[in-house]
Protein chains: 2
Amino acid sequence: MRHEVYSILHTCARWQLVRVNNVKTSIKDIARAAGVSHSTVSRALSDSPLVNEVTRSRIHRLALEMGYSPDAGARSLVRGHTCTVGVVVTTIADPFSAEVVEGIEATAYSHGYSVILAASHDEPEREIAAVEMLRSKRVDAVIVTSSRVGALHQERLGAAGVPVILLNSHSLGGAPHTFSVRVDDQHGARLATEHLLMLGHRRLAHVAGPAGHSPSADRLAGYRAALAGVGVPFDPAQVIAGTGRPAAGEQALPQFLAMAARPTAVFCYNDMTAIGLLRAAHSAGLIVPDDLAIAGFDDIPFATYVSPSLTTIAQPKFELGQQAMSMALTLMSGVAEGVSDVVLQGRLVVRESTRIRG
Amino acid sequence: MRHEVYSILHTCARWQLVRVNNVKTSIKDIARAAGVSHSTVSRALSDSPLVNEVTRSRIHRLALEMGYSPDAGARSLVRGHTCTVGVVVTTIADPFSAEVVEGIEATAYSHGYSVILAASHDEPEREIAAVEMLRSKRVDAVIVTSSRVGALHQERLGAAGVPVILLNSHSLGGAPHTFSVRVDDQHGARLATEHLLMLGHRRLAHVAGPAGHSPSADRLAGYRAALAGVGVPFDPAQVIAGTGRPAAGEQALPQFLAMAARPTAVFCYNDMTAIGLLRAAHSAGLIVPDDLAIAGFDDIPFATYVSPSLTTIAQPKFELGQQAMSMALTLMSGVAEGVSDVVLQGRLVVRESTRIRG
DNA sequence: TTGTAAGCGTTATCAT
DNA sequence: ATGATAACGCTTACAA
């Protein structure tokens, strides 16, 4: 990729001015300018009632003129908290966690908290490093999404008095996490599969998610539960391994076509997988939903914009974030103890990729 | 949306232990436990050569056992920097800025910097508040994407010695920003339009972006320049106002169909708009690209997954972030002065939504 | 109503 | 090789 750099490095008068001004003003500077003590300035700026109205406004004006900005680090040193929460996501460029973070941010903002975001890149090592960084920055709470090692954080930070909330984390061990918010994967998968069954489909198939992930296991379990519910036998051969990415859906199609009992409907681990399958079906000349009905999971923004638009399970992403942040707020206020586990239900959204079996 | 809360509030032995342990250990605590002074601990933990090897390792072990975590705030107070940069985006759930932030984060991480993310929600007021918050947190540099009031930040933070890098910001005034990284919108738009012309199209149209945004103006300018380049007259009636969202593309179609000289190819402000138009065309029974060729701008991840896949201008999003962070790094090292403006070029990606006019 | 002083957890400069 | 001590910017008793 070509790029051009225009760099004017000659000494610029304005920049020199800037260099001269390169001073961080502290309350002491303001105190000196106002002819008062620095504690009076501190009180004035925090609008304490124990300060004369006239000096108060004079100090406020002075602070503005001198470009004062309070040092959050110094403040938190004495106050003992930072009004900041840390959030760990696997990757920022994931539309799913993006919406979750929006929910967290909205709730945090409305309560005067700010958010530090860190990426784990789905590596336990970097996840730990991220949490450790957040701890060093003395965040008041930590929310970790899709954690691989959530229990560890809860152990370490919990001991330091920092609540850790796990969001959609993998609880493969079976032991419930101390604080967590998650969506009911099994229930959602069951909803989607039951929808396909209700449309008259009997030869179903499933493209699974990444092996070893608990959502993969839960969604598969929901799929099986729905089949069992109507007495359709479960055939392991009709579950294709996947990754959660579009390629997995694309690669699944030939396998479906080669099956003796070719499926008429497929429930995919997530929308990305479903979109890949959709694309492959389109290339192969199959008509969706007539030749093949497809259902996804997540309801990512683009589920509406593919053709045909995608039937899916809408995860309450924004609300997931809200709930996690609310739990953090509660925990920080020191009220709650014990264990609390909020589980939200997904919602079936029927679009064009599924239809009654004609 | 239904949700169930399981809350076990009974006094839990393990949690009580946690409460007892609720102590933030400082170097002084370690010093006491090790029977040395706190300055020795500080030296030992920063692996200073002026400390005995045996005490060094003893202190390290102690720190680990006691769950020590250095206080970044206190450290930055004396060091004068935080090894943290602030990034302001309009919204986190935007796939475009998400990839830019990935580029920033990757470069920051590899240089030992961490990132604080803040959202402006495209409101100047909140943008200013976000930057002010970052300043309070004493970030070493600030990167603002799509800024509305970039010059203001450069004035205020520049005076405090904090470099501000503007990324794809609106420079409507015409005056170049002091430090900025951006993509050449006009050049990209010209590329896309020339592609349509080269395919043999002569009756073109454009769905514009949000009014008052400089990218909208620049992309329109590129569109016009391409037309002028081959002597095709520009007709203002063939520019439809838009918003940058899919609805704008959908609403544009009927207007195109109503035109006397119905366009055979449309260049859209961005991919979201193009996808809306694609969808409307599909619903109206038009074949893309035969009845209508469509080109977008941005190359969002889903441009590949719509049918037909979208011809577009790929913005070097990740690189945009990398360059911005690199500039920040340079600026923080105190090397550069003056003005520097990096401009990156987009790249034409031809997919299925455009084809030679038969 | 205001000033003085102590202290938050670090690092850095002295001595020793 | 280690220990006192000051300093960073701020809040908050305690005094006046």
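Excluded from the calculations below are hydrogen atoms, water molecules and symmetry mates; all remaining heavy atoms, backbone and side chain alike, are included. Residue numbers start from 1 in every chain, and the chains themselves are labelled A, B, ... in the order their sequence lines are given, proteins ahead of strands.
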Closer than 4.0 angstrom, basic N to acidic O: yes or no for [X] and [Y]?
{"X": "A:E123", "Y": "A:R148", "result": "no"}
{"X": "A:R182", "Y": "A:D341", "result": "yes"}
{"X": "B:K317", "Y": "B:E102", "result": "no"}

Residue-phosphate contact under 4.0 Å: [X] side-chain N/O, [N] OP1/OP2:
{"X": "B:S39", "N": "D:dG3", "result": "no"}
{"X": "A:S37", "N": "C:dT4", "result": "no"}
{"X": "A:T40", "N": "C:dG3", "result": "yes"}

Roughly how many Å is it from [atom1] in [X] to [atom2] in [N], rounded to a whole number?
{"X": "A:K28", "N": "D:dG9", "atom1": "NZ", "atom2": "P", "result": "7 Å"}
{"X": "B:I30", "N": "C:dT10", "atom1": "CD1", "atom2": "C1'", "result": "12 Å"}
{"X": "B:I27", "N": "C:dG7", "atom1": "CD1", "atom2": "C1'", "result": "14 Å"}
{"X": "A:L77", "N": "D:dG9", "atom1": "CG", "atom2": "P", "result": "13 Å"}
{"X": "B:I59", "N": "D:dG3", "atom1": "CD1", "atom2": "C1'", "result": "12 Å"}
{"X": "B:R79", "N": "C:dA12", "atom1": "CZ", "atom2": "P", "result": "6 Å"}
{"X": "A:R75", "N": "D:dT12", "atom1": "CZ", "atom2": "P", "result": "9 Å"}
{"X": "B:L45", "N": "D:dT2", "atom1": "CG", "atom2": "C1'", "result": "15 Å"}

What nucleotide, of [options], holds the atom closest to the side chain of [X]?
{"X": "A:R43", "options": "D:dG3, D:dT12, D:dG9", "result": "D:dT12"}
{"X": "B:N52", "options": "D:dA1, C:dT10, D:dG9", "result": "D:dA1"}
{"X": "B:H38", "options": "D:dA6, D:dT2, D:dT11", "result": "D:dA6"}

**Q.** B:R138 vs B:L50, nearer the 5' end of DNA chain D by closest nucleotide
**A.** B:L50
Q) Do B:T145 side-chain atoms and B:V88 backbone N/O form a donor-acceptor pair below 3.5 Å? A) yes
Q: Answer with base, sugar-phosphate or nothing: what part of the nucleic acid does B:T55 contact at a heavy-atom distance below 4.0 Å?
A: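 Sugar-phosphate contact only - B:T55 comes under 4.0 Å of backbone atoms but never of a base.
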Q: May I ask you to say what B:S48 touches in the nucleic acid, namely base, sugar-phosphate or nothing, with a heavy-atom cut-off under 4.0 Å?
A: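 Result for B:S48 = nothing.
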Q.
Run the side-chain hydrogen bond (donor to acceptor under 3.5 Å, both in side chains) test on A:S46 and A:S48 for me, step by step, so that the C-alpha distance in whole Å, both residues' side-chain angles and the decisive distance to 0.1 Å come before the verdict.
A. CA-CA 6 Å; A:S46 53; A:S48 157; 5.8 Å; no
